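Reviewing the structure listed below.
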There are 2 protein chains.
Amino acid sequence: MAIPRAARTQRRTRIQEEKEELILEAALDVFSASGFRGSTIDQIAEVAGMSKPNLLYYFRTKDAMHRALIDRVLFTWLEPLRAFNADGNPESEIRSYIRRKLEMARDFPRESRLFANEVLQGAPHIEDELKGPLKSLVDEKAEVIRAWAKAGKIAKCDPYHLIFSIWSTTQHYADFDVQVRAVLGQEHSGVGRFEDAARYLEKLFVDGLMTVGNDAGQSNPGQGSALSPVSAD
Amino acid sequence: MAIPRAARTQRRTRIQEEKEELILEAALDVFSASGFRGSTIDQIAEVAGMSKPNLLYYFRTKDAMHRALIDRVLFTWLEPLRAFNADGNPESEIRSYIRRKLEMARDFPRESRLFANEVLQGAPHIEDELKGPLKSLVDEKAEVIRAWAKAGKIAKCDPYHLIFSIWSTTQHYADFDVQVRAVLGQEHSGVGRFEDAARYLEKLFVDGLMTVGNDAGQSNPGQGSALSPVSAD
DNA sequence: TGTAATGTTTACCAATCGGTCAAATATCGA
DNA sequence: TCGATATTTGACCGATTGGTAAACATTACA
């Protein structure tokens with residue numbers, strides 16, 4: 001009889017490495033397309049080209065598969081933010097962060113959708129990761145941005161919402177890809193849309209919209225920008 | 001025996017109105033939280049406080065419930081973009097569009113998540129709506145923005161990506177709410193975060209980040225902003 | 001008030017779900 | 001080559017899925 005997977009303390013065979021790789025690849029396909037609850041082990045098994053009990057030989061439960069996948073992908077996913085350099089030039093750091101995030105949206109859309117599905121549905125499996133490692137990393141980088149603003153290197157702005165806006169605008173091109181394609185139409189649905197997006201976003205974040213030609217836009221101090229009263233939550 | 005719902009040509013009774021309302025409200029709760037595939041009729045029935053066959057008396061299939069819900073919500077959801085006024089002042093139009101979208105993210109997060117779930121999973125049920133009514137509306141408003149840029153009223157920018165960036169940044173606060181809360185921490189998770197977001201986003205879209213004090217930021221013409229070569233799609 | 005149409009529920013169905021089991025097969029070191 | 005170990009599979013399980021049939025309850029209206 002086979003040794004229970006829980007008892008394996010170290011990687012044993014070449015086959016295990018290959019098959020676990022194969023399974024996680026298939027799981028990424030399925031989970032990112034349908035979310036955790038909407039995905040089935042049978043679907044993953046079919047994509048991976050192996051039988052369902054064989055999947056369950058390597059990962060005891062659907063949950064274990066999902067957790068392994070998340071763990072594997074999360075580190076890579078936060079790489080661009082980790083690369084955000086306090087000692088660099090603010091403008092070029094922000095530019096390259098946007099570019100890196102956009103490249104990831106283009107090259108790893110499934111990873112983006114995996115997290116989007118998870119967070120959208122209340123992050124039941126990654127709440128700890130969000131409140132722990134993610135929050136710590138963002139706190140650290142937010143402090144960098146705050147220091148830049150204090151030193152007059154960039155405009156005063158809420159660093160957390162700056163990070164949120166870079167996340168949302170870039171990941172939008174992965175998560176809402178079908179909508180982007182539908183709106184742009186067939187003729188603009190080539191990969192060129194990522195270059196257009198890069199140009200637009202870098203300009204947006206650096207210049208804003210009102211900086212037109214030589215006329216440095218001078219806008220209201222923002223006293224009228226608060227939202228109207230809340231009705232319900 | 002009851003008349004099949006397909007044969008009903010017009011609204012009949014008070015009960016039908018009330019119960020269909022009740023069901024769609026419950027369906028919004030469940031679908032927005034788990035997506036279509038991840039939701040079950042039993043869950044919706046429980047939230048609605050009625051039996052499963054009773055639900056199926058009003059909506060013959062899970063699909064029909066979902067479709068009815070989408071139809072009902074889509075019109076309202078596009079209202080802010082429809083209100084975008086070609087004759088208004090560009091800056092205030094953009095400001096109020098952002099504010100309206102942010103209010104919707106705050107007041108109707110379930111509606112936002114319903115669409116997010118749907119689009120994220122490939123929009124299998126609303127592809128026609130995206131390519132039809134949505135695209136038409138965006139095309140129309142994009143033309144308005146393009147005209148503003150041509151007239152020198154705002155900076156030259158891709159109007160489609162402008163709209164995408166407003167969508168993504170505002171809806172982020174509904175769709176990724178748990179992540180936003182986790183990163184901001186408990187102390188900043190009150191409704192105040194929407195006002196912070198409003199201030200930040202209005203400034204971002206109007207001024208950009210480099211417009212610091214009297215120093216009108218002069219950035220590179222953007223020759224280095226293209227993404228690196230594509231590896232795969 | 002009676003009755004026909006509408007509304008609701010219990011019991012049930014076949015299909016699919018996540019997961020188990022034992023037997024069969026492939027792999028590998030000695 | 002052999003035996004131990006690792007891998008794979010078909011058959012199966014109870015629970016849950018979307019959906020149905022028909023009996024039963026309520027309502028609207030003449």
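Because the structure is a prediction, the values reported are computed rather than measured. Lettering of chains follows the sequences in order, A, B, ..., and the numbering in each one begins at 1.
Residue Met50(A) contributes atom CE, which lies 18 Å from atom P of dT25(C) at whole-angstrom precision. One atom, CD of Glu18(A), and another, P of dA26(C), lie 17 Å apart when rounded to the nearest Å. Protein atom CD1 of Ile44(A) is 11 Å distant from nucleotide atom C1' of dG18(C), rounded to whole Å. Whole-Å rounding puts the Glu46(A) CD to dC17(C) P distance at 11 Å. Atom P of nucleotide dG18(C) and atom CZ of Arg67(A) are separated by 16 Å, given to the nearest angstrom. Per the geometry, CD belonging to Glu21(B) stands 16 Å off P belonging to dG7(C), to the nearest Å.
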> Between Gln121(A) and Asn117(B), does a side-chain hydrogen bond (donor to acceptor under 3.5 Å, both in side chains) hold up when you go through it step by step?
Replying inline: CA-CA 8 Å; Gln121(A) 305 191 359; Asn117(B) 262 304; 3.1 Å; yes
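Minimum heavy-atom separation, Ala105(A) to Thr170(A): CB-O, 3.5 Å. Residues Ala27(B) and Met65(B) share a closest heavy-atom pair of CB-CE, 3.5 Å.
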Protein and nucleotides 15-20 of chain D: nitrogen or oxygen contacts under 3.5 angstrom:
residue	atom	partner	partner atom	Å
dG18(D)	OP1	Ser39(B)	O	3.1
dG18(D)	OP1	Lys62(B)	NZ	3.1
dG18(D)	OP2	Ile41(B)	N	3.0
dG18(D)	N7	Lys52(B)	NZ	3.1
dG19(D)	OP2	Lys62(B)	N	2.8
dG19(D)	O6	Lys52(B)	NZ	3.4

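The side chain of Gln16(A) places an N or O atom within less than 4.0 Å of a non-bridging phosphate oxygen (OP1 or OP2) of dT7(D). Within the structure, every side-chain polar atom (N or O) of Ser51(B) is placed at least 4.0 Å from both OP1 and OP2 of dT8(C). Considering only side-chain N and O atoms, Asn54(B) lies under 4.0 angstrom from the phosphate OP1 or OP2 of dT9(C). Here Tyr58(A) does not reach the OP1 or OP2 of dA6(D): none of its side-chain N or O atoms lies under 4.0 Å away.
Under the 4.0 Å criterion applied to side-chain N and carboxylate O atoms, Arg193(A) and Asp196(A) are not assigned as salt-bridge partners. A salt bridge links Arg110(B) with Glu25(B): at least one charged nitrogen is closer than 4.0 Å to a carboxylate oxygen.
Taking the six-membered ring for Trp and thresholds of 30 and 60 degrees, Phe36(A) and Phe31(A) have nearly parallel ring planes, at less than 30 degrees apart.
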